[in-house]
Amino acid sequence: MYRKEEQPLPPPEKFELPFEGKLSPNNRWVIMAELIPWDDFEEEYAKLFSAEKGAPAKLFRMALGTLIIKEKSGTSDRETIEQIRENPYLQYFIGLNCYQQEPPLESSMLVHFRKRIDGELINKINKKIVKREIDKSDKEVKKRIVSKKKEKK
């Protein structure tokens with residue numbers, strides 16, 4: 001069963017930490033979280049689950065985010081979950097709203113995530129990220145050209 005949470009994720013500066021600190025918007029995990037079009041693929045992921053049967057599934061951001069953390073850190077499933085449990089930046093990256101001391105999921109869930117998030121979906125996500133960044137870059141270049149033309153006048 002899949003149920004999308006309607007609670008919006010706070011910006012990194014509003015992520016609640018137990019020691020009243022703030023997440024840095026310049027952290028690599030915060031930057032990467034902003035690059036990934038999580039919502040664009042949530043619906044596709046949700047279609048893999050029954051609407052009525054089974055336990056509620058973990059959100060797409062948690063599933064994909066956990067797999068990305070595992071791949072980038074080169075750790076075992078258990079070590080990946082332990083790193084997430086210890087690190088507020090990783091918790092933010094997987095979509096949690098505030099720091100929690102308990103593991104957000106069991107390491108055995110990664111087996112299920114790998115079955116559902118295949119290479120084809122990863123390629124779609126990568127293409128979307130690249131296209132969005134190219135479009136953003138094109139807009140910036142066009143703004144500079146227009147600005148330079150105005151300066152010449």
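Computed from a prediction, not measured in an experiment: that's the story for all the values here.
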Seminar exercise, completed: Separation between CG (Asp118) and NZ (Lys124), nearest 0.5 Å, reads 8.5 Å

Exercise. Does the Tyr89 side chain pair with the main chain of Ser24, one donor and one acceptor, at a distance under 3.5 Å?
Worked result: yes

Exercise. Side chains of Met109 and Lys58: does their closest heavy-atom pair fall under 4.5 Å?
Worked result: yes

Problem set entry | Residues forming a side chain to side chain donor-acceptor pair (under 3.5 Å) with Glu133, sequence neighbours excluded | Lys136

Exercise. Any salt bridge between Arg132 and Asp40, counting N to O under 4.0 Å?
Worked result: no

Exercise. Is the closest side-chain heavy-atom distance between Lys70 and Leu110 below 4.5 Å?
Worked result: yes

Problem set entry | Ile68 side chain near Phe93 side chain, heavy-atom distance below 4.5 Å | yes

Problem set entry | ILVMFWY cluster, Ile122 and Phe41 together (side-chain gap under 4.5 Å) | yes

Problem set entry | Between CG on residue Asn126 and NZ on residue Lys131, distance to nearest 0.5 Å | 15.0 Å

Exercise. What do the steps show when you test Val141 against Ile145 for side-chain contact (heavy atoms from CB on, under 4.5 Å), and what is the final call?
Worked result: CA-CA 6 Å; Val141 168; Ile145 291 170; 3.9 Å; yes

Exercise. With a 4.5 Å heavy-atom cut-off, do Ser107 and Thr80 have their side chains touching?
Worked result: no

Exercise. Sub-3.5 Å donor-acceptor pair from the side chain of Arg116 to the main-chain atoms of Leu48, do we have one?
Worked result: no

For this session: Could you check if a side-chain atom of Leu64 sits within less than 4.5 angstrom of a side-chain atom of Leu121, using non-hydrogen atoms only?
Result: no

For this session: Can you establish whether the number of heavy atoms outside Arg78 located under 6.0 Å from its atom CZ is more than 12?
Result: no

Exercise. Do Lys22 and Lys14 come close enough that some side-chain heavy atom pair is under 4.5 Å?
Worked result: no

Exercise. In Å, rounded to the nearest 0.5 Å, how long is the span from CG of Asn27 to CE of Met32?
Worked result: 9.0 Å

Exercise. Should Glu82 and Pro103 count as side-chain neighbours, where that means a heavy-atom distance under 4.5 Å?
Worked result: no

Exercise. Of all heavy-atom pairs between Ile125 and Pro37, which one has the smallest distance, and what is that distance?
Worked result: CG2-CD, 4.3 Å

Problem set entry | Minimum side-chain heavy-atom gap Met62-Leu96 below 4.5 Å | yes

For this session: Look at the side chain of Glu106 and the backbone N and O of Ser108, then say whether any donor-acceptor pair between them is shorter than 3.5 Å.
Result: no

For this session: Check step by step if side-chain contact (heavy atoms from CB on, under 4.5 Å) holds for Ile69 and Trp29.
Result: CA-CA 9 Å; Ile69 292 165; Trp29 294 105; 3.7 Å; yes

Exercise. Is there a donor-acceptor contact under 3.5 Å from the side chain of Gln91 to the main chain of Ile84?
Worked result: yes

Seminar exercise, completed: Value for CD1 (Ile117) from CD (Glu44), rounded to nearest 0.5 Å, stands at 10.5 Å

Exercise. Can we call the ring centroids of Tyr45 and Trp38 under 6.0 Å apart?
Worked result: no

Exercise. Is Glu43 atom CD crowded by more than 12 heavy atoms from other residues, nucleotides or ligands, each under 6.0 Å away?
Worked result: no

Seminar exercise, completed: When rounded to the nearest 0.5 Å, the distance separating CD1 of Ile94 from OG1 of Thr66 is 4.5 Å

Exercise. Within 45° of the six-membered ring axis of Tyr92 and under 6.0 Å from that ring's centre, is NZ or CZ of Arg28 located there?
Worked result: no

